[in-house]
Amino acid sequence: MTGGIAAYKGLELLRLMRKAGWEVTVVMTRAACKFVGPESFRALSGRPVALELFPKVRPRSDRSAASDSAKRIQHVDLAGWAEVVVVAPATANIIGKLASGIADDLLSTILLAVPLELVRAGRVIIAPAMNVNMWHNPSVRRNISLLKEQGYRFVEPESGELACGTSGPGRLADVQLIFEHCRQALQFRHRLDGVRVTVTTGRTEEPLDPVRVITNRSSGLLGVEIARAFAAAGASVRLIAGPVSVPLPQGIPQRLVWTAEEMRQAVLQSLPETDILIMCAAVADYRPIATGKTKEHKEQLVVKLERTIDILKEVSRANPKPLVVGFSLDDSLARARKKLRAKRLEMIVANPLVTAGSDTIRPTLLFADGPKKVLPKMAKSEFALRLVAEVGRLYRLRR
């Protein structure tokens, strides 16, 4: 951690890591300690906080197993202990030091001592936070470009009102997104840097009249988790979202739609810039033939419906066609297989109706070429990571 007003968000990042069962050592610069006290991080991590490159050593008679442990974590061998290193928040200062090969405190020394294999694997993650003018400064941009070329992984800051009173890019990225980057770095050997991924999520709302709509209970959670997971794997992600019941992920470009037709248009327009398409949205199969506002005094109302255009079928005729993954909320694997073949999908995720609207999924993965994979019940966030791994494998085979 480096010094900045966003330092307090490190507590939430640490909480997420500890909840995942990770061992975490917090390294703080002197400036970071000006914004939040080390004791809070020690309490949450259950480990001493590393502060100084040359810590004071107590007389031997006062040492214990605990103090020996504390001595070890103060040294540069922390760089060899870590499986993933994340700097959050990362100031322009630490980015400049790393790009220039400067090691004048504990954190900068650790960053330079990290094995190159860890850097090349995308396991050194930098989440900048700074003033908007600093973020746009040519020297800072040059340093970031240099580090990216070397393999360092950046979680871009968000735009918005900053603590200094200015507005623009520079605000620390969403803590959940930073955590997902860390989890992805540990999860996968192969990254998806530069791969363009479009994810659809949410539901559609088909107007019955100017006031009322016909819709479904899809929350959009699964699509949001999938978008986060692909972004954390390094992909360039675009999210096409119908109405959702969960917050949309910050830092991922979004296009909001309402009806099946709007979803169709958005998907087709995205195809020229899409390598992988994840069709997770619950799109209506039928829409009402609207005739104006219904009369409330009627005791019965007959609604006529017409089929919506099948988006996946249109996508299957695209040339070139991206790698396409569909979803089937149905208890019948036979129907999911039929959909897989008819719409020329590379993979379809079959999910039983009992999990609809919940935070969990019990998926079966069906492939155009290969045996099915029956997965256990799991959280949708966990499944999103598994899906990215499977899709990444298919994408590499396709190339």
Side-chain angles (χ1 to χ4, degrees), residues 84-88 90 95 98-99 116-128 135 140-159 169 173-174 176-201 223-241 249-255 266-280 315 318-325 346-347 384-399:
V84 63
V85 177
V86 56
V87 187
I95 292 171
L98 184 56
L116 289 178
E117 293 77 13
L118 208 68
V119 177
R120 295 183 183 123
R123 291 190 174 187
V124 181
I125 298 163
I126 301 173
W135 176 249
V140 175
R141 306 309 306 165
R142 184 172 61 250
N143 290 336
I144 291 173
S145 296
L146 176 63
L147 293 175
K148 284 182 175 180
E149 289 174 6
Q150 295 175 11
Y152 292 93
R153 189 172 174 182
F154 280 77
V155 187
E156 300 290 312
E158 297 174 358
S159 292
D174 181 59
Q176 182 69 46
L177 182 61
I178 298 172
F179 173 70
E180 292 297 340
H181 274 266
C182 297
R183 186 160 61 168
Q184 284 278 13
L186 291 170
Q187 183 89 5
F188 304 121
R189 297 177 182 176
H190 303 288
R191 290 180 39 77
L192 295 172
D193 294 290
V195 179
R196 302 168 299 178
V197 179
T198 297
V199 180
T200 69
T201 192
V224 165
E225 294 290 357
I226 291 171
R228 281 193 179 122
F230 271 107
S236 175
V237 181
R238 177 192 295 110
L239 188 64
I240 301 175
Q250 299 180 17
I252 295 177
Q254 300 158 11
R255 178 169 175 179
V267 169
L268 295 181
Q269 290 169 9
S270 74
L271 290 183
E273 298 178 348
T274 298
D275 301 311
I276 298 172
L277 175 62
I278 310 295
M279 288 291 293
C280 189
V315 169
N319 187 21
K321 182 174 78 73
L323 187 156
V324 185
V325 176
E346 276 77 10
M347 181 172 78
L385 296 174
R386 179 63 182 268
L387 181 70
V388 172
E390 292 289 349
V391 173
R393 178 183 62 82
L394 292 176
Y395 184 74
R396 287 187 292 272
L397 288 174
R398 188 180 191 188
R399 298 180 67 188

*Spacing of CG belonging to L323 relative to OH belonging to Y395, to within rounding of 0.5 Å*: 8.5 Å
_Could you tell me if the side chain of C182 sits less than 4.5 Å from the side chain of I125, heavy atoms only?_
yes
*Is there a side-chain contact between L118 and L116 (heavy atoms, below 4.5 Å)?*
no
*NZ/NE/NH1/NH2 to OD/OE distance under 4.0 Å, E225 and R386*: no
*Any I226 side-chain heavy atom under 4.5 Å of C280 side chain*: yes
*Distance from D193 atom CG to S236 atom OG, nearest 0.5 Å?*
10.5 Å
*Roughly how far, to the nearest 0.5 Å, is the CZ atom of R228 from the CG atom of L177?*
7.5 Å
*Under a 4.5 Å cut-off applied to non-hydrogen side-chain atoms, are V197 and D275 in contact?*
no
*Rounded to the nearest 0.5 Å, what separation is found between the CD atom of Q269 and the OG1 atom of T198?*
11.5 Å
*Give the intermediate values and the outcome of side chain to side chain contact (heavy atoms under 4.5 Å, CB included) for residues V391 and F230.*
CA-CA 10 Å; V391 173; F230 271 107; 3.9 Å; yes
*Supply the atom-to-atom distance L394 CG to M347 CE, rounded to the nearest 0.5 angstrom.*
6.0 Å
*With the side chain counted from C-beta on, respond yes when V315 and M279 share a heavy-atom pair under 4.5 Å apart, and no when they do not.*
no
*Locate the shortest heavy-atom distance separating G223 from T201; write the atom from each residue and the value.*
CA-OG1, 3.2 Å
_Minimum-distance pair of heavy atoms, taken over all atoms of V155 and P128_ = O-CD, 3.3 Å
*asked:* V86 vs H181, test: side chain to side chain contact (heavy atoms under 4.5 Å, CB included). Steps then yes/no.
replied: CA-CA 9 Å; V86 56; H181 274 266; over 6 Å; no
*Can you tell if the side chain of P322 reaches within under 4.5 Å of the side chain of T274, non-hydrogen atoms only?*
yes
*Mind checking what makes ring-ring contact (aromatic ring centres under 6.0 Å, His included) contact with F179, not counting sequence neighbours?*
W22
*Any side-chain heavy atom of L239 within less than 4.5 Å of one from R255?*
no
_I'd like to know if the side chain of R238 pairs up with that of Q254 as donor and acceptor (distance under 3.5 Å, no hydrogens or angles considered)._
no
*Determine, stepwise, if the pair R123 / L186 fulfils side chain to side chain contact (heavy atoms under 4.5 Å, CB included).*
CA-CA 7 Å; R123 291 190 174 187; L186 291 170; 4.2 Å; yes
*Least distance between heavy atoms, W135 atom then E156 atom*: CZ2-OE1, 3.2 Å
*asked:* I'd like to know if the side chain of N143 reaches the main chain of I95, judged simply by a donor and an acceptor atom lying under 3.5 Å from each other, with no hydrogens or angles considered.
replied: no
_Derivation and outcome, side chain to side chain contact (heavy atoms under 4.5 Å, CB included), residues E346 and V325_ = CA-CA 6 Å; E346 276 77 10; V325 176; 5.6 Å; no
*Rounded to the nearest 0.5 Å, what separation is found between the CG atom of L277 and the CD1 atom of I240?*
7.5 Å
*Contact summary for P253 and V237, nearest pair of heavy atoms*: CD-O, 3.3 Å
_Is there a side-chain contact between Y152 and L146 in this structure, where contact means two heavy atoms from C-beta onward sitting under 4.5 Å apart?_
no
